[in-house]
There are 2 protein chains.
Amino acid sequence: MRLPVQRAIEVCPVEVAVSVLGGTWKLTLVKHLLGGTRRFGELCRLVPLANTRTLTRQLRELEEDGILVRTVYPQVPPKVEYALSPLGESLAPLVDGMDAWGAAFASRLGDGGGTRRAGRT
Amino acid sequence: MRLPVQRAIEVCPVEVAVSVLGGTWKLTLVKHLLGGTRRFGELCRLVPLANTRTLTRQLRELEEDGILVRTVYPQVPPKVEYALSPLGESLAPLVDGMDAWGAAFASRLGDGGGTRRAGRT
DNA sequence: GGTAGTACGGACATTCTTGTCAGCATGAAG
DNA sequence: CTTCATGCTGACAAGAATGTCCGTACTACC
């Protein structure tokens, strides 16, 4: 288990989820994998703004945390497939919820809170 | 709107949610505020591992993104209250879901995926 | 005078993460 | 021979975020 996850377990469950899913592009990767098994090159094309070094790192962390399964085929050219584990699949409602929330947030640009004064400062 | 949020809007809705909620302790702060209005010192005590500089920064960002409302009372000693906006309240199911998921993850330590070989490497 | 309470913000140091670049391995095709 | 495809990894640079420290403001109390 990775150190940030170990540390988060001492804090609270929300921080555990954050430590597992908080890396750059991780939720986007999970979202794409919810659609089915993908190869590395496919994921790179699905997330064009990410550099491959970062994608590799994040996929390895997701694998280490048990979110996905990485299958290496003994062939040339190399063939590697990534698929969500059952634990990874359990993230579907969360990813859907964040997708919907993000879409709603983006569509209401400029609405919402701000500082309200109870009197003069 | 903060630049990371602007950038995420060009990418996809999941990345929007990540950019708004991805900062250190942000989800934990939202979780505590779901329980009702809090003052700064209360939040510091509820998140003991965080330093106050970071908490201030994150609260300001959440305010800027419309997730919370900061109410300043014109008195000495200073009195400032933080409460979720309606937009912030809309995060309740997500925070609950992550809390539940993180708790389940922590309780199944060591279970889940890994690399499965289709043959020799 | 000093200390306490409250809620910060500026400045800089430190830490961590991402980004860039170069390289590896192998068979197939030209 | 070279080029292509695939999926990386090591090393270092660059960027971003957090952490530390000091200071502000004011009243009340010792």
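Just so we're on the same page: letters track the sequence lines, and every chain starts at 1.
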Between A:Arg57 and A:Val80, which is nearer to the 5' end of DNA chain D once each is assigned its nearest nucleotide? A:Val80

Just checking, is any N or O donor in the side chain of B:Trp101 or A:Ser90 under 3.5 Å from an acceptor N or O on the other one? yes

Counting just side-chain N and O atoms, does A:Arg60 come under 4.0 Å of either OP1 or OP2 of D:dC8? yes

Within less than 4.0 Å of OP1 or OP2 of C:dA7, is there a side-chain N or O belonging to B:Arg70? no

Distance (rounded to the nearest 0.5 Å) between B:Leu94 CG and B:Lys31 NZ: 14.5 Å

Euclidean distance, atom NZ of residue A:Lys79 to atom C1' of D:dC8 [Å, nearest integer]: 17 Å

Can you give me the N/O atom pairs linking the protein to nucleotides 25-30 of chain D at distances under 3.5 Å, or say none if there are none?
none

Report yes if some heavy atom in the side chain of A:Leu21 is under 4.5 Å from a heavy atom in the side chain of A:Leu91; otherwise report no. yes

Test: A:Glu61 and A:Arg2 ion pair at under 4.0 Å: yes

Expressed as a whole number of angstroms, how long is the span from A:Gln75:CD to C:dT26:C1'? 11 Å

What integer distance in Å separates B:Leu3:CG from D:dG15:C1'? 14 Å

From CH2 (B:Trp25) to CG (B:Leu43), nearest 0.5 Å: 13.0 Å

Near DNA chain C, counting only heavy atoms under 4.0 Å, which residues of residues 24-54 of chain A show up? A:Thr24, A:Asn51, A:Arg53, A:Thr54

At what distance, to the nearest 0.5 angstrom, does NZ of B:Lys26 lie from CZ of B:Arg57? 12.0 Å

Within the 4.5 Å heavy-atom criterion, are B:Arg7 and B:Glu15 side-chain neighbours or not? no

OP1, OP2 of C:dT26 versus side-chain N and O of A:Tyr73: anything below 4.0 Å? no

Rounded to whole Å, please give me the gap between CG in A:Leu55 and P in D:dT6. 15 Å

To the nearest 0.5 Å, tell me how far B:Glu81 CD sits from B:Arg39 CZ. 7.0 Å

Figure out the CG/P separation between B:Leu59 and D:dA17, and round it to whole Å. 17 Å

Once rounded to the nearest 0.5 Å, what's the spacing between atom OH of A:Tyr82 and atom OG1 of A:Thr37? 12.5 Å

Rounded interatomic separation in angstrom, taking CD from B:Gln58 and P from C:dA7: 18 Å

